[in-house]
Amino acid sequence: MKEYKEKTWQHEITGFDGNTILFGVNIFDYEWIRTEEKIDVADPLYGQKYTFPVYKVFIKEKEHKFAAGEFSNSVFGFYIQK
């Protein structure tokens with residue numbers, strides 16, 4: 001019997017407004033569609049706590065979900081489920 005491991009939200013990348021590669025593309029070139037979901041995260045560098053909204057984007061007709069928010073002016077943290 002295969003054991004099911006639940007996915008958790010994990011920090012994927014910290015990037016700059018307008019120039020961050022996520023899912024192999026510059027995520028800022030796509031429309032972020034806000035879901036009703038929010039997650040609690042911690043900045044991986046400084047440990048500060050945040051609550052970020054979860055978004056979905058469509059890249060080459062495939063849906064991807066991620067959470068994102070600003071750590072500081074124009075510096076964004078991105079989290080994906082792994």
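The analysis underlying the following values was restricted to heavy atoms, covering all of them including side chains, and did not include hydrogens, waters or symmetry mates. In this text the structure is predicted, and so the values were computed from the model without any measurement.
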>> Restricting to non-hydrogen atoms, name the atom on Gly47 and the atom on Ala42 that form the minimum distance, rounded to 0.1 Å.
In response: O-CB, 4.0 Å

>> Just to verify, what does Lys82 make a side-chain contact (heavy atoms from CB on, under 4.5 Å) with, not counting sequence neighbours?
In response: Gln10, Glu12, Ile80

Considering only distance and modelled atom types, tabulate donor-acceptor pairs under 3.5 Å from the side chains of residues 18-27, sequence neighbours left out.
residue	atom	partner	partner atom	Å
Thr20	OG1	Phe16	N	3.2
Thr20	OG1	Phe16	O	3.0
Asn26	OD1	Thr20	N	3.3
Asn26	OD1	Phe28	N	3.1
Asn26	ND2	Gly18	O	2.9

> In chain order, what residues pass the side chain to side chain donor-acceptor pair (under 3.5 Å) check against Thr35, with sequence neighbours excluded?
Replying inline: none

> Which residue pairs satisfy the salt bridge (charged side-chain N to carboxylate O under 4.0 Å, His left out) criterion with at least one member in residues 18-28, sequence neighbours excluded?
Replying inline: none

> With Tyr55, which of Phe78, Tyr30, Trp32 fulfils side chain to side chain contact (heavy atoms under 4.5 Å, CB included)?
Replying inline: Trp32

> Taking side chain as C-beta onward, heavy atoms only, is His11 less than 4.5 Å from Thr14?
Replying inline: yes

> Would Ile59 end up clustered with Ile13 when hydrophobic side chains under 4.5 Å apart are linked, directly or stepwise?
Replying inline: yes

Side-chain polar contacts of residues 63-76 - donor-acceptor pairs under 3.5 angstrom, sequence neighbours left out - could you list them?
residue	atom	partner	partner atom	Å
Lys65	NZ	Glu37	OE1	3.2
Glu70	OE2	Ser74	N	2.7

>> Strictly by salt bridge (charged side-chain N to carboxylate O under 4.0 Å, His left out), give each pair with a member in residues 38-62 just once, sequence neighbours left out.
In response: none

